[in-house]
Novice: 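So that we are looking at the same thing, I have put the structure below in structure tokens.
Counting convention: from 1, in listed order, for ligands and their atoms alike.
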Amino acid sequence: MLGLTMKRAMGELALIERIRSGGAKTGKRTEPNLVLGIGDDCAILRSPRGHEILVTTDFSLEGRHFRRDWHPADSVGHRALARGLSDLAAMGARPLAAFLSLALPPEILATRAGRAWVDHFFTGLRSVAAQLGVPLAGGDTSESPTNHILADIVLVGSAPAGRALRRSGGRPGDSLYVTGALGGAAAELAAMEARAATSSKPPRMPSPGQTASHPQLLPQPRLAVGQALLRRPLATAAIDLSDGLSTDLAHLCRESGVGAEISAAALPIHPLAAAAGNPLALALNGGEDYELLFAAPSTARVPRSIGGVPITRIGYLTRGTAITIVNPEGHATPLKPGGWEHFTPKH
Ligand SMILES: [Mg+2]
């Protein structure tokens with residue numbers, strides 16, 4: 001018993017070292033808000049002057065948010081952090097620090113392939129952290145009591161006091177915009193499912209330069225756009241598109257107490273979705289695009305792109321609560337929330 005306990009403890013220590021090696025060194029000029037990182041009982045963060053603190057958490061559960069036979073480990077790490085950062089982006093916040101809690105099944109800790117999986121998970125996570133300047137400031141690891149990997153990310157960010165973008169600020173007459181393109185993540189997931197059904201080879205990780213053609217594996221949180229919308233200021237309300245436009249638009253409308261009308265013809269369709277048989281359904285309901293949906297006064301000068309990310313006007317907010325979509329023939333029909341519920345575990 002003691003031997004096994006020791007072995008597990010050693011494994012855990014090694015994991016903590018791994019988190020630490022990818023974690024933040026405090027006192028660097030690039031991380032002025034991290035007073036104390038990994039190594040003590042708590043991290044210490046310094047709130048930027050005049051800012052409020054924003055906190056969001058996101059589970060990445062195997063069989064619910066990813067599958068080991070579909071998603072390369074690097075992508076699981078990338079997506080775990082990107083999803084949390086997308087929530088900060090939606091509120092115009094800038095990230096201060098990330099925290100990771102990781103539960104790993106015994107077979108992952110005991111096998112070389114399993115340890116390689118963890119290495120690649122951290123490679124993916126660290127690459128997003130480095131690209132977007134987010135220090136990994138703490139974490140916890142445990143042996144999972146199930147056969148499933150569980151990763152929980154906590155993101156702490158900040159925004160100027162009283163100015164964080166909320167879902168609730170939209171007003172009738174405001175124009176509605178989305179960033180980037182829609183439906184690509186769900187289209188790529190469908191292709192990954194088809195590939196896994198016919199191939200026993202492990203999924204391949206695309207190179208970091210191929211983000212545009214891999215919206216499912218390498219989603220790009222729109223932090224710079226969110227911060228620009230807050231700074232200028234442009235947006236009256238914003239949300240990130242995690243569950244799909246139809247569902248997330250309904251969230252924004254409910255919180256703002258308004259309805260909306262969007263135009264199917266105006267939706268920016270991702271090329272992967274356009275090549276699939278059902279581009280409109282993917283764009284409306286596919287989910288996991290991690291683009292931003294925001295409202296801005298009709299008189300606001302919203303640029304066509306921010307930091308190289310295209311901005312597209314897709315409709316406007318209305319009085320009442322009805323949400324409608326005008327099809328390319330000009331007919332308006334109710335838009336029902338049909339968003340992504342992620343996939344049901346198959347094992
Ligand atoms: Mg969100």
Novice: Starting at CZ of Arg304, measure out to CD1 of Ile311 and round the result to the nearest 0.5 Å.
Specialist: 12.0 Å
Novice: How long is the straight-line distance from NE2 of His71 back to OG of Ser60, given to the nearest 0.5 Å?
Specialist: 9.5 Å
Novice: Please check if the side chain of Thr318 supplies one atom and the backbone of Ala260 the other of a donor-acceptor pair under 3.5 Å.
Specialist: yes
Novice: Compute the centroid of each ring, for Phe121 and then for Trp117, and state whether the two points are separated by less than 6.0 Å.
Specialist: yes
Novice: Near Arg166 CZ, under 6.0 Å, is it more than 12 heavy atoms from other residues, nucleotides or ligands?
Specialist: no
Novice: Quick one: does any side-chain atom of Arg163 pair with a main-chain N or O of Leu230 as donor and acceptor, under 3.5 Å?
Specialist: yes
Novice: When you check the space around the Mg ion (ligand 1), which protein N, O or S atoms turn up under 2.8 Å?
Specialist: Asp87 OD1, Asp240 OD1
